[in-house]
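Working notes, structure below.
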Amino acid sequence: MSGALRLQGHARDALIAGLLVLWLLPLAAVALTSIRSIEELHRGEYWSWPAETMLVQNYAEVLFASDTGRFILNSFLVVFPAVAGTLLLAVMAGYALASYRFRGNLLILALFIGGNLVPYQILAIPVRSLIHDLGLYDSRTGLVLFHMAFQTGFATLFMRNFIRQLPPSLIDAARIEGVGELRILLYVVVPVIRPAIAAVAVLVFTFVWNDFFWSLVLTHSTAVRPVTAGLQTLRGMWLTSWHLSSAAAILAALPPALLFFLMQRHFIAGLTRGVTGD
Amino acid sequence: MTGTLAAKPAKNRTAWRRRQRLVTPLLFIAPAALLFSLFVLYPIAASLKLSLFHWRGVGAQTWAGLGNYHELLADPVFKTALVNNLIWLALIPAAPVLGLAFALLLDRKERMMQVARAFFFLPFVLSQAVTGMIFAWFFNADYGLLNAILQLFQLPSVAPLENESSAIFPIIAAHLWPQTAFCMIIYLAGLAGLDPALEQAARLDGAHGWRLLRHVILPQLWPAHFIVAMVSIVSALRSFDLVFVMTRGGPYDSSNVLAFYMYEQAFLNLRYGYAAAIASVLFALAAGCVSFFLWHMLRRER
């Protein structure tokens with residue numbers, strides 16, 4: 001494909017390097033602000049190289065002298081159960097949709113996909129009423145429950161597509177041997193779909209961590225709010241303390257970014273293969 | 001399930017197993033289907049119904065018929081929000097175009113390219129709540145990076161977010177950042193799956209550059225075009241986070257969009273019926289776009 005743009009060797013490398021710098025410049029600017037001193041900001045020095053780096057001081061202040069730590073903990077406490085729950089539901093449903101023929105199989109799949117494409121706003125009022133009626137408004141459990149339900153749509157499609165690609169003999173052989181369906185799922189299917197489980201786990205982690213709308217609609221107290229919504233509260237409090245807001249923003253972005261760099265292959269396989277279904 | 005099985009006599013076993021084959025799929029699907037129906041499918045129907053009522057969150061709902069929709073027609077903020085959504089849809093194709101350009105540029109096997117790809121992709125991994133903050137600073141009139149750069153070239157400074165006529169555009173620009181990254185990754189996967197023989201054959205026929213791209217490579221990327229278009233449209237219509245973080249729909253509602261206006265009407269003004277009507281319009285818009293695309297896609301496949 002290298003011929004497509006007819007740019008070769010060093011010219012191409014230079015172009016890529018230049019673009020990359022431009023591409024990440026807005027992010028780099030925030031990272032730079034997060035290690036600057038308040039004095040420099042007050043002097044109007046926003047874009048010079050910081051005279052003294054306040055990396056430790058700024059981040060320590062954000063983590064220990066504000067609610068940021070609490071918000072980040074809340075995010076983890078929502079994300080982990082949501083990922084686990086989604087995986088459990090999606091592996092079971094995906095297996096059933098992939099390995100049994102029955103009426104309505106494709107219809108269920110279509111509903112799962114279609115439901116995942118709707119704008120959140122069409123769900124917002126009834127979901128909030130439901131969560132409220134369950135006594136779960138402003139609780140992490142309420143958020144977990146909703147995220148689990150919503151993410152299951154896409155995760156089931158992914159699992160179903162992955163399981164369908166397995167050689168049919170794998171499951172058939174076990175059935176002929178008389179192995180129970182639950183055992184087939186646990187001991188035959190689950191071990192071979194580990195890559196799919198990893199891919200769905202990293203994607204759902206990222207989607208749920210980055211959720212903002214539902215955090216806003218389903219929670220309000222500091223003890224419960226995840227970091228994406230919490231950041232906005234902090235921003236209102238800090239107003240012109242951009243060094244602190246930036247540090248908090250970087251901290252909020254760090255977990256999914258690290259996960260992505262560590263699990264890059266699974267992440268990208270999840271996005272590309274899961275959605276296209278091949 | 002299998003534990004009780006062992007204790008049964010052999011004759012019953014086959015019958016039980018046949019029944020198991022029938023019942024198990026239902027049992028496996030039931031939890032996912034129940035939860036999904038409760039939190040996704042039922043709420044869609046409930047919202048559509050609610051849009052025909054007046055409701056302030058407590059007390060009884062009163063029948064409104066098409067009253068909420070009539071009110072929408074005369075609501076200037078609704079009009080602005082709808083127009084902004086359409087502008088957003090009109091500009092979102094920039095993401096696939098840029099994403100494809102990046103993908104073509106980065107479609108090589110070297111180790112360094114893998115690293116470069118990861119960094120180009122990074123914006124997609126960030127929360128839009130964070131992206132909104134990043135771009136609010138970038139476009140800030142007093143201390144934003146954009147004006148710092150303009151100053152460097154001795155150009156006059158700008159204040160796009162404070163200006164009623166332009167406030168929506170920095171928000172859309174901020175959305176293009178992660179969306180381009182997403183399109184790039186899908187196109188890279190598409191390019192990796194291409195049949196090299198076709199490209200070689202075309203080259204032997206003397207095709208190269210844009211001709212090669214247009215007539216040989218792009219047509220083969222159909223599945224990728226489809227995914228990218230669908231996801232970009234849905235993402236453009238869904239965008240709420242960036243508007244909330246960057247402008248809260250201001251100044252004077254000039255950067256409002258349906259998703260944010262619905263939130264304001266529901267959770268700030270407690271006009272649930274009216275908010276449900278806004279959500280229903282947004283839903284119809286999304287459903288319309290998605291089915292238009294599916295239909296075109298299917299026709300092309302034939």
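In the text below, chain A, chain B and the rest are named by the order of the sequence lines, each starting its count at 1.
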Listed pairs under 3.5 Å, donor-acceptor, residues 86-100 of chain A side chains, sequence neighbours left out:
residue, atom, partner, partner atom, Å
A:T86, OG1, A:A82, O, 2.6
A:Y95, OH, A:R175, NH2, 3.4
A:Y95, OH, A:E181, OE1, 3.0
A:S99, OG, A:Y95, O, 2.9
A:Y100, OH, A:E181, OE1, 2.4

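A perpendicular orientation is assigned to the rings of B:F124 and A:F207, their planes being inclined by more than 60° (bins at 30° and 60°). Under the 30°/60° scheme for interplanar angles, the aromatic rings of B:F121 and A:F267 are found to stand perpendicular.
Residue contact with chain B, scored on non-hydrogen atoms closer than 4.5 Å, involves the backbone and the side chain of A:L117 alike. In this structure, the portions of A:S246 lying under 4.5 Å from any heavy atom of chain B include both its backbone and its side chain. Heavy-atom distances place both the backbone and the side chain of A:T228 under 4.5 Å from chain B. Neither the backbone nor the side chain of B:I233 comes within less than 4.5 Å of any heavy atom of chain A. With a threshold of 4.5 angstrom between heavy atoms, A:L130 approaches chain B through side-chain atoms but not through N, CA, C or O. At a 4.5 Å heavy-atom cutoff, the contact between B:A266 and chain A is made by side-chain atoms alone. Heavy-atom distances place both the backbone and the side chain of A:F150 under 4.5 Å from chain B. Only the side chain of B:V290 has a heavy atom closer than 4.5 Å to any heavy atom of chain A.
Distance check: B:L122 CG to A:L24 CG gives 6.5 Å after rounding to the nearest 0.5 Å.
Of the possible polar contacts, none joining the A:N210 side chain to the B:Q128 backbone as a donor-acceptor pair under 3.5 Å is found. Checking side-chain atoms of B:R238 against main-chain N and O of A:V118 turns up a donor-acceptor pair under 3.5 Å.
Chosen from A:V217, A:T156, A:V227, A:I250, the residue pairing most often with chain B at heavy-atom distances under 4.5 Å is A:V217.
Under the 6.0 Å cut-off for aromatic ring centres, A:F212 and B:F244 qualify, their centroids lying closer than that.
Looking at A:I16 and B:F120, their side chains come closer than 4.5 Å, going by heavy atoms from C-beta outward. Here the side chains of B:M113 and A:D13 are in contact, with some heavy-atom distance below 4.5 Å. Under the 4.5 Å side-chain criterion, counting only non-hydrogen atoms from C-beta, B:F39 is not in contact with A:T152. Contact of the B:F240 side chain with the A:L216 side chain is registered, since non-hydrogen atoms from C-beta on lie closer than 4.5 Å. A:F102 is not listed as a side-chain neighbour of B:L26, based on a closest heavy-atom distance of 4.5 Å or more. Side chains of A:N116 and B:F36 form a contact here, defined as non-hydrogen atoms less than 4.5 Å apart. For the pair B:V125 and A:T206, the minimum side-chain heavy-atom distance is below 4.5 Å. A 4.5 Å side-chain heavy-atom check between B:F119 and A:F261 finds at least one atom pair inside the cut-off.
Applying the side-chain hydrogen bond (donor to acceptor under 3.5 Å, both in side chains) test to residues at least two apart or on different chains, the pairs with a partner in residues 129-140 of chain B are B:N140-B:Y143.
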List the steps and the verdict of side-chain contact (heavy atoms from CB on, under 4.5 Å) for B:V245 and A:L231. CA-CA 10 Å; B:V245 173; A:L231 263 184; over 6 Å; no

